Protein chains: 2
Amino acid sequence: MEKQTVTIYDVAREAGVSMATVSRVVNGNQNVKPATRQRVNDVINKLDYRPNAVARGLASKKSTTIGVIIPDVTNAYFASLARGIDDVASMYKYNIIMENSDENDQKEMLVLNTLLAKQVDGIIFMGNRVTDKLREEFSHSRTPIVFAGSVDDQQSVPSVSIDYVKSTVEAVGKLIKEGSKKVAFISGSLSEPINGKYRLAGYKQALQQAGLKFDEKLIFETDYSYEAGIKLASQLKGTEISAAFVGDDRLAAGVLNGLTDQGVKVPEDFALITSNDTQVAQLVRPQLTSITQPLYDIGAVSMRLLTKLMNKEEIEEPIITLPYGLDSRETTQK
Amino acid sequence: MEKQTVTIYDVAREAGVSMATVSRVVNGNQNVKPATRQRVNDVINKLDYRPNAVARGLASKKSTTIGVIIPDVTNAYFASLARGIDDVASMYKYNIIMENSDENDQKEMLVLNTLLAKQVDGIIFMGNRVTDKLREEFSHSRTPIVFAGSVDDQQSVPSVSIDYVKSTVEAVGKLIKEGSKKVAFISGSLSEPINGKYRLAGYKQALQQAGLKFDEKLIFETDYSYEAGIKLASQLKGTEISAAFVGDDRLAAGVLNGLTDQGVKVPEDFALITSNDTQVAQLVRPQLTSITQPLYDIGAVSMRLLTKLMNKEEIEEPIITLPYGLDSRETTQK
DNA sequence: ATTTTTCATGAAAGCGTTTTCGATACTTGC
DNA sequence: GCAAGTATCGAAAACGCTTTCATGAAAAAT
């Protein structure tokens with residue numbers, strides 16, 4: 001016995017009303033006589049009627065679904081944002097279609113298009129850079145979008161993040177103040193604005209404030225992985241470098257563990273500050289001093305912003321900067 | 001100028017064919033003369049036509065979307081599974097609606113229902129227990145479902161996981177063989193079959209094989225968190241217990257760090273084996289010896305199984321058990 | 001040359017809702 | 001009691017696509 005799906009029409013017939021009325025009670029429209037509402041609700045329960053969201057979406061042109069483009073769910077940083085996004089999304093009755101992009105240009109285009117095809121009401125984009133093609137696609141579509149945990153360097157898209165320049169100035173400044181003359185700057189690709197533009201600027205600014213000269217050789221561009229950190233650690237050993245600012249926690253954990261495994265004492269011989277305050281930073285020993293970010297909130301606020309955009313509400317400020325902190329743990333003097 | 005969406009009808013008119021023909025070329029149906037196909041494709045490009053997936057879904061009764069119920073994306077274990085799921089899902093052109101359940105019964109029911117309302121073609125469920133209500137809901141619906149990383153203890157639902165009993169026997173066996181007479185069993189709620197039924201059974205079996213007596217006092221039931229581990233560590237210190245099997249990596253990391261911080265030497269004074277082989281296990285120092293699970297594959301295989309179910313293909317074996325391993329790292333003798 | 005098959009296409013009926021617009025039935029005010 | 005307003009409801013037209021069925025044309029078989 002194939003379960004025949006019960007439609008709004010069945011309910012209407014059974015309750016002796018029109019589809020319009022059923023639709024009204026389902027959607028909480030007030031123009032229904034209480035008695036009728038009751039009758040319809042009874043039938044709904046009796047028949048176990050569940051509105052078909054797809055049909056609803058077609059008729060209303062709203063899918064109550066938003067698309068989330070995430071580099072990799074497996075990355076704790078992005079996963080935390082995602083959690084914030086999801087929580088406020090469900091608060092507002094939206095569902096989330098999540099797509100891993102691997103920060104691959106082609107894949108990003110692809111998922112963006114399928115998201116648009118699915119008629120998502122809005123999109124949250126996570127990633128460290130935006131290609132021109134992608135930006136163009138964004139502006140073409142009528143679908144609102146917000147960047148979470150990153151800024152469009154043209155500042156043309158609503159976004160929420162922390163102040164990467166200032167936080168880096170502070171972190172590097174601390175390293176210098178605690179006695180390091182040679183502070184390495186370790187990050188992912190410098191072609192990503194967050195690194196090449198903001199963090200690097202902060203690094204230089206901190207140097208300048210301390211009257212130190214910028215040295216190209218202290219800049220290490222690598223990828224965001226634990227392994228890359230381990231490898232970097234061997235390069236670092238035996239140099240004059242005695243501290244490092246690192247743009248990613250897993251990378252930092254690699255550097256730390258690599259250093260420690262080689263007998264370098266952290267923080268005595270080498271100080272370290274990382275950037276994302278992911279749980280990783282607290283799991284390793286010694287615990288990583290880190291810039292702290294309201295990860296969950298970045299996601300949550302992004303989603304909240306998106307709901308406003310979708311409602312065409314007036315937005316006071318589309319580029320939101322959330323407060324950050326600097327938590328001194330065990331890889332700096334204190 | 002509000003961008004007027006271009007529909008299949010516009011393409012049809014412009015190309016001088018019927019909607020049916022356009023639909024055919026869009027869907028790769030072979031019954032179209034190459035010349036016509038070409039003409040239609042040209043118009044599609046010219047007009048930048050993108051099929052509306054919602055309308056498509058309504059007409060075809062397929063959403064090409066699957067629902068994923070995950071306890072918490074922020075948990076590395078589940079995130080890894082999710083990644084596997086997503087990769088093969090997109091391989092098969094499915095999109096994923098992801099819902100965090102927090103393993104909360106009520107929330108699970110809720111998300112299941114919205115998933116069903118959205119007409120997902122299939123569901124992947126992650127979680128450690130299934131309430132009867134949920135099970136009933138599953139069986140009511142015609143939507144195929146598979147459990148990833150857990151088993152329905154009634155074995156009535158397709159699932160993919162590892163053999164929790166055998167892997168635990170092996171892990172606990174190793175601990176005993178290496179000299180521990182008192183091995184603690186530390187896990188999350190015993191009401192979850194994975195703990196109370198399978199792992200515990202494995203634990204007892206290992207004891208029995210070694211001729212050891214089961215001792216209620218060695219069973220520690222807590223929650224899966226780093227903090228819980230830290231707390232547990234103080235309880236453990238000073239007892240005769242000299243080893244522990246732990247059901248979760250973050251929990252294990254907590255125990256390890258807690259022990260170490262109190263001056264207990266691991267593995268010399270206390271040996272530890274954890275269960276999920278999440279990256280956490282390798283980040284901590286000493287690195288946690290762990291049962292290894294093919295996390296990504298569990299997700300991937302689950303999704304593959306689901307595609308078969310959705311295609312109504314013949315399934316040889318709906319309860320899939322993937323191979324596990326035991327990686328001796330630094331929290332056991334070797 | 002005629003009959004069959006096969007191919008290519010179009011007309012139109014859904015798919016299950018929402019929503020507009022008008023109609024009817026009640027209230028209310030006077 | 002009657003006009004005017006208001007609350008309640010229904011008919012039916014979308015929404016943008018897929019899919020069945022019929023049809024005519026072209027190809028193959030006789």
Side-chain angles (χ1 to χ4, degrees), chain A residues 2-41 43-44 47-65 93 114 116-121 142, chain B residues 2-41 43-44 47-65 93 114 116-121 142:
Chain A
E2 270 293 328
K3 182 150 80 219
Q4 206 49 55
T5 55
V6 2
T7 73
I8 198 173
Y9 177 76
D10 299 320
V11 177
R13 184 168 29 74
E14 191 81 5
V17 298
S18 73
M19 289 163 46
T21 301
V22 178
S23 176
R24 288 192 188 97
V25 349
V26 167
N27 293 294
N29 185 313
Q30 283 311 303
N31 295 346
V32 181
K33 195 159 39 161
T36 318
R37 177 188 311 281
Q38 182 61 50
R39 190 149 37 93
V40 171
N41 275 323
V43 175
I44 286 179
L47 265 41
D48 193 26
Y49 164 70
R50 293 124 184 265
N52 178 324
V54 174
R56 238 205 255 233
L58 183 59
S60 67
K61 299 181 153 248
K62 296 206 182 92
S63 60
T64 63
T65 299
K93 308 288 181 207
T114 82
L116 258 16
K118 295 245 165 167
Q119 312 299 117
V120 295
D121 296 334
R142 278 260 139 303
Chain B
E2 271 293 328
K3 183 151 76 217
Q4 204 49 54
T5 56
V6 3
T7 74
I8 199 173
Y9 177 75
D10 300 319
V11 177
R13 184 168 29 73
E14 190 80 5
V17 298
S18 73
M19 288 163 48
T21 300
V22 178
S23 175
R24 287 191 188 97
V25 349
V26 168
N27 292 296
N29 186 312
Q30 284 309 305
N31 296 347
V32 182
K33 196 156 42 158
T36 319
R37 178 188 309 282
Q38 182 60 50
R39 190 149 40 94
V40 171
N41 274 324
V43 175
I44 287 179
L47 265 42
D48 192 27
Y49 165 69
R50 293 121 183 269
N52 179 324
V54 174
R56 238 204 254 233
L58 182 58
S60 67
K61 297 177 155 257
K62 295 205 182 93
S63 60
T64 62
T65 299
K93 310 287 181 209
T114 82
L116 258 16
K118 295 246 165 166
Q119 313 299 117
V120 295
D121 296 333
R142 278 260 139 301

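If you're wondering where the values come from, they're calculated on a predicted model, not measured in any experiment. All values below were derived from every heavy atom in this structure, side-chain atoms included, with hydrogens, water molecules and symmetry-related copies excluded. Each chain gets a letter, A, B and so on, in the order its sequence line appears, and its residues count up from 1.
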Listing time: all N or O pairs from protein to nucleotides 22-28 of chain C that are below 3.5 Å?
none

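By the 4.5 Å heavy-atom criterion applied to side chains, A:Ile8 and A:Ser23 are counted as neighbours. At a threshold of 4.5 Å between non-hydrogen side-chain atoms, the residues A:Val17 and A:Val22 count as touching. B:Asn41 is listed as a side-chain neighbour of B:Val25, based on a closest heavy-atom distance under 4.5 Å. At a threshold of 4.5 Å between non-hydrogen side-chain atoms, the residues A:Val40 and A:Val11 count as touching.
Each of A:Val43, A:Asp48, A:Leu47 was checked for a side chain to side chain contact (heavy atoms under 4.5 Å, CB included) with A:Val6, and the lone residue meeting it is A:Leu47.
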Kindly determine whether A:Asn27 and A:Arg56 satisfy side-chain contact (heavy atoms from CB on, under 4.5 Å), including the steps that lead there.
-> CA-CA 11 Å; A:Asn27 293 294; A:Arg56 238 205 255 233; 2.9 Å; yes
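Across every non-hydrogen atom of A:Ala117 and B:Pro51, the tightest pair is CB-O, 3.8 Å. Nearest heavy-atom pair, B:Tyr49 versus B:Thr7, reported as atom, atom and distance to 0.1 Å: CE1-C, 3.6 Å. Between A:Ser18 and A:Ala12, the closest heavy-atom pair is C-CB, 3.7 Å.
Among the protein residues, B:Val54 comes within range of no part of the nucleic acid, since none of its heavy atoms lies under 4.0 Å from any strand. Residue A:Val17 is in sugar-phosphate contact alone, with no base atom involved, counting any heavy-atom pair closer than 4.0 Å across all strands shown.
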Sequence neighbours left out, cut at 3.5 Å: what donor-acceptor pairs do the side chains of residues 29-36 of chain B make with other protein atoms?
residue: B:Asn29; atom: OD1; partner: B:Asn31; partner atom: N; Å: 2.8
residue: B:Gln30; atom: NE2; partner: B:Gly28; partner atom: O; Å: 3.4

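Across residues 28-40 of chain B, B:Asn31, B:Val32, B:Lys33, B:Thr36 each have a non-hydrogen atom less than 4.0 Å from an atom of DNA chain C (numbered order). Listed by residue number, B:Thr7, B:Ile8 are the residues of residues 7-16 of chain B with a heavy-atom contact under 4.0 Å to DNA chain D.
Summary of the strand contacts: B:Ser60 and B:Ala20 both lie near DNA chain C, and taking for each the nucleotide with the nearest heavy atom, the more 5' one is attributed to B:Ala20.
Contact check, A:Ser23 against C:dT19: no side-chain N or O comes under 4.0 Å of OP1 or OP2.
Although no hydrogens or angles enter the test, the distance criterion places a donor-acceptor pair under 3.5 Å between the side chain of A:Arg39 and the main chain of A:Ala15.
B:Lys118 and A:Ser63 share no side-chain donor-acceptor pair at under 3.5 Å.
Atom CG of A:Leu58 and atom P of C:dT17 are 12 Å apart (whole Å).
Where DNA chain D meets chain B (any atom under 4.0 Å from a heavy atom), the bounding nucleotides read 5' to 3' are D:dG16 to D:dT20.
Legend: residues meeting side chain to side chain contact (heavy atoms under 4.5 Å, CB included) with A:Ala59, ordered by chain and number and at least two apart, are absent.
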